[in-house]
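Step one of this worksheet: look at the structure below.
Numbered from 1 within each chain, the chains take letters A, B, ... in sequence-line order. All values derive from a computational prediction rather than experimental measurement.
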Amino acid sequence: MEYKGYKITEGKNRVIVENVIDFNPVHIFECGQCFRWLRQPDGSYTGVAKGRVINVSYNNGKLELYNTNIEDFKSLWFDYFDLGRDYSLVKEKVMRDEIMKQAVSFGSGIRLLRQDIWETLISFIISANNRIPMIMKTVNAISETYGREIEMDNKKYYTFPKLSDLSRATIEKLELCRAGFRCKYILGTARMINEGEMSLDGLASMNTKDARDYLKRFPGVGPKVADCTLLYSGTKYDVFPTDVWVKRVMEELYFKRETGFAEIQSFAREYFGEYAGFAQQYLFYYARENKIGAN
DNA sequence: TTGCAGGGGTCAA
DNA sequence: TTGACCCCTGCA
């Protein structure tokens, strides 16, 4: 059948989507926006999202989602993989110079996943002063401890915990998930939302600055975590999360000198405008994979 | 083998 | 503006 410009067919516990372009699982899942997708020996990726576990592979315009059905594809995965967006247009918009042409060509199959904002917020609180393998371990441990068990091919996986379940956690038990000094931030944030003191529901209708300031009221959330939360949940795209890698690549390729957070932010806003978030993602992936600016 | 620096930042002084 | 911070890995 035809669905929003794609040809989709249903197979045994799987959905095949044809005519998919600008989609590369390696770029998407390894560009740093998510922590729950694992590369399999055959090159496909298995991950937990939307309360489900699926396996994703892609070859020559054909996207294959295993352990799902057409109904879930329409209601969940189409949106999650941002399949309604024309990434060729996005690339055109951000390729403003030779540097961006390089970065885009390097990460040509990147897509910004539209992830659950609650999970994204907690995951990026964990990311502070941390390394990716550790972040993945901690998010997994939290899911195993407080999430729900699901299954694919007789293997167990765990969904990211609901707000109410994580709110009931204790610092002592959370510490077993190896979140270290971030445990108090996780619990503090969860409880503020659970008790109704704060809410993630209104962020989309705020302007970007207000949304960022609002998120920064959570413990463990500063400018970087706030911007990541907004961008990787698909809430705001005119943000430019600036971590050490982005700072390095901006200094080395654009500024040709040392600079600060504020200067990079205003440059990105001015230069990339509403596409800043996409530009950041191409740049980050390019910088990290090529160790640009690494000592 | 042991020791130490440092990491996708944030907080507090 | 500057150091401390959980925990783990990489590298002397």
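- When each of A/Q280 and A/F218 is assigned the nucleotide of DNA chain B with its nearest heavy atom, A/Q280 is the one assigned upstream, toward the 5' end.
- For the pair A/I132 CD1 and C/dG10 C1', the computed distance is 16 Å after rounding to whole Å.
- Closest approach to the A/V225 side chain among B/dG9, C/dC8, B/dG7 is made by B/dG9 (side chain taken as heavy atoms from C-beta onward).
- Taking the six-membered ring where the residue is Trp, A/Y237 and A/F278 present parallel rings, their angle staying beneath 30° rather than reaching 60°.
- A donor-acceptor pair is defined here as one N or O able to donate and one able to accept, closer than 3.5 Å; no such pair exists between the side chain of A/Q280 and the backbone of A/T242.
- Distance alone, capped at 3.5 Å, is enough to place a donor-acceptor pair between the A/E251 side chain and the A/T259 backbone.
- Of the side-chain N and O atoms in A/K137, one or more sit less than 4.0 angstrom from OP1 or OP2 of C/dT9.
- Among the heavy atoms of the strands lying under 4.0 Å from A/P219 are primed sugar atoms or P, OP1, OP2 only; no base atom is included.
- Across the protein-nucleic acid pair, A/I171 atom CD1 and C/dC6 atom P stand 11 Å apart, rounded to whole Å.
- The residue A/R178 sits close only to the backbone: its heavy atoms come under 4.0 Å of sugar-phosphate atoms, none of a base.
- The residue A/V246 sits apart from the nucleic acid: no heavy atom pair falls under 4.0 Å.
- In this structure, A/K184 places its NZ atom 11 Å from P of C/dC7, rounding to the nearest Å.
- One can place CD of A/Q33 at 13 Å from C1' of B/dG8, the figure rounded to the nearest angstrom.
- Using atom C1' as the reference point in both B/dA5 and C/dG3, the two lie 15 Å apart (nearest Å).
- Nucleic acid contact for A/P241: none, since no nucleic acid atom lies under 4.0 Å from a heavy atom of the residue.
- Ring orientation note: the planes of A/F272 and A/F267 are nearly perpendicular, at an angle over 60° on the 30°/60° scale.
- For the pair A/R131 CZ and C/dC7 C1', the interatomic distance rounds to 10 Å; values are reported in whole Å.
- Between C/dC6 and B/dA13, the two P atoms lie 15 Å apart (nearest whole Å).
- Remark: C1' of B/dG8 and CZ of A/R182 are 11 Å apart, rounded to the nearest angstrom.
- Here B/dT10 is the nucleotide among B/dG8, B/dT10, C/dC6 with the atom lying nearest to any side-chain atom of A/A128.
- Taking atom CG of A/N129 as the reference point, atom C1' of C/dC6 lies 9 Å away to the nearest angstrom.
- As the counterpart of B/dG6, C/dC8 is assigned, both hydrogen-bonding distances of the Watson-Crick or G-U wobble pattern falling under 3.5 Å.
- Using a 4.0 Å heavy-atom distance criterion, A/F261 is classed as making no nucleic acid contact.
- Proximity of A/S123 to A/R36: side-chain heavy atoms (C-beta onward) are nowhere separated by under 4.5 Å.
- Under the 6.0 Å distance and 45° angle rule, A/R96 counts as a cation-pi partner of A/Y271.
- In this entry the distance linking CZ of A/F35 with P of B/dG8 reads 11 Å, nearest Å.
- For the P atoms, the distance from B/dG8 to C/dT1 is 23 Å, rounded to whole Å.
- Put simply, A/R288 has no side-chain N or O that comes within less than 4.0 Å of OP1 or OP2 on B/dG8.
- Rounded to whole Å, the separation between the P atoms of C/dC7 and B/dT1 comes to 24 Å.
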